[in-house]
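Below is one structure, written out as structure tokens; the observations come after it.
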There are 2 protein chains.
Amino acid sequence: MSDSMEPAEVKRTEALSAEIFTNIANKWALLIINTLGEGTMRFTELCAAVEGVSHKMLAQTLRILERDGVVNRLVHPTVPPRVDYSLTDAGLMLRTTVNAMCVWTRQHVHHIDQARQRFDERQV
Amino acid sequence: MSDSMEPAEVKRTEALSAEIFTNIANKWALLIINTLGEGTMRFTELCAAVEGVSHKMLAQTLRILERDGVVNRLVHPTVPPRVDYSLTDAGLMLRTTVNAMCVWTRQHVHHIDQARQRFDERQV
DNA sequence: TGAGAGAGGAACCTCGAGGTGACCAAGCAG
DNA sequence: CTGCTTGGTCACCTCGAGGTTCCTCTCTCA
């Protein structure tokens, strides 16, 4: 971030950051980014690969991610249509941190399971 | 993850992971974890520090995070009550990845802003 | 006497996230 | 001529996320 920004510009940037964060810090977006990190996929493939997503949410989330320059959308003008989705460079960088979150989850499943049991006992 | 797990155990672990991921991959949880990474805070401090959160959502999210062993809750038996929140060790590790996401957002604001303009022009 | 302070809990209400299913376009196989 | 294909969009409906407001508990200070 440049230090030579006007206050108005700074404010806009912050608002933008908050909005972007809201777009990304969301279950489906994160799962899609993580799945797409494994390579280019088509719509239907993605729909099957992302556990539990509906085609509506997938389409909706993909458009948001495409708009934010995280996902590339390549349409082949064939019939029936064929659309390839992949991560942009920015998306790939983001994917490494998302992946770290997934790794953290897997590493701490056991710890969390125990923490929950302790917590639930305390409540009765 | 041990490789000597029974299928049922593996399945349970996966379900648990999905649940944990859903708990954490959520705007408020991530913002709280990130904010709390800067140090111990009290409820009201946190409520002010996390932009836009209501006290209900804060309380709700904090309980989930506490149950999952991500957040420590320390009650001082004084009057009026005083409660300190901080991250556990697991929470601190998670925080580094969450923080990476925030850094990514700030680094790519400009890029995303441009991507959006291009996208919006194309649609008309 | 009564107001205020800190950390919530409970009740109530609204609005939008998200699921489901129908529909479409365009060409090819049968 | 029909139906299947893929990648969506649209309309409809439901349910729960989340906001708002009021309550509480105990002590202190005015």
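Convention: sequence-line order gives letters A, B, ...; per-chain numbering from 1.
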Reckon [X] has a side-chain N or O less than 4.0 Å from the OP1 or OP2 of [N]?
| X | N | value |
| --- | --- | --- |
| A:Arg73 | D:dG8 | yes |
| B:Tyr85 | C:dG8 | yes |
| B:Arg42 | C:dA7 | yes |
| A:Arg82 | D:dG7 | no |
| A:Thr44 | D:dG7 | yes |

(request) For B:Trp28 and for A:Pro80, find the nucleotide of DNA chain D with the closest heavy atom, then tell me which residue's nucleotide is more 5'. (result) A:Pro80
(message) Could you check whether A:Arg116 pairs with B:Glu19 (Lys NZ or Arg NE/NH1/NH2 to Asp/Glu carboxylate O, under 4.0 Å)?
(response) yes
(message) Taking atom types as they are modelled, would you say the side chain of A:His55 forms a donor-acceptor pair with the base of D:dT6 within the 3.5 Å cutoff?
(response) no
(request) Might you confirm whether atom CG of A:Asp89 has over 12 heavy atoms from other residues, nucleotides or ligands at distances under 6.0 Å? (result) no
Roughly, in whole Å, what's the span from [atom1] in [X] to [atom2] in [N]?
| X | N | atom1 | atom2 | value |
| --- | --- | --- | --- | --- |
| A:Leu58 | D:dT9 | CG | P | 11 Å |
| B:Lys56 | C:dG9 | NZ | C1' | 11 Å |
| B:Leu62 | C:dA7 | CG | P | 11 Å |
| A:Gln60 | D:dC10 | CD | C1' | 12 Å |
| B:Phe43 | C:dG6 | CZ | P | 12 Å |

(message) Are the side chains of A:Met101 and B:Ile24 in contact, using a 4.5 Å heavy-atom criterion?
(response) yes
(message) Can you classify the ring geometry of B:His108 versus B:Trp104 as parallel (below 30°), tilted (30 to 60°) or perpendicular (above 60°)?
(response) parallel
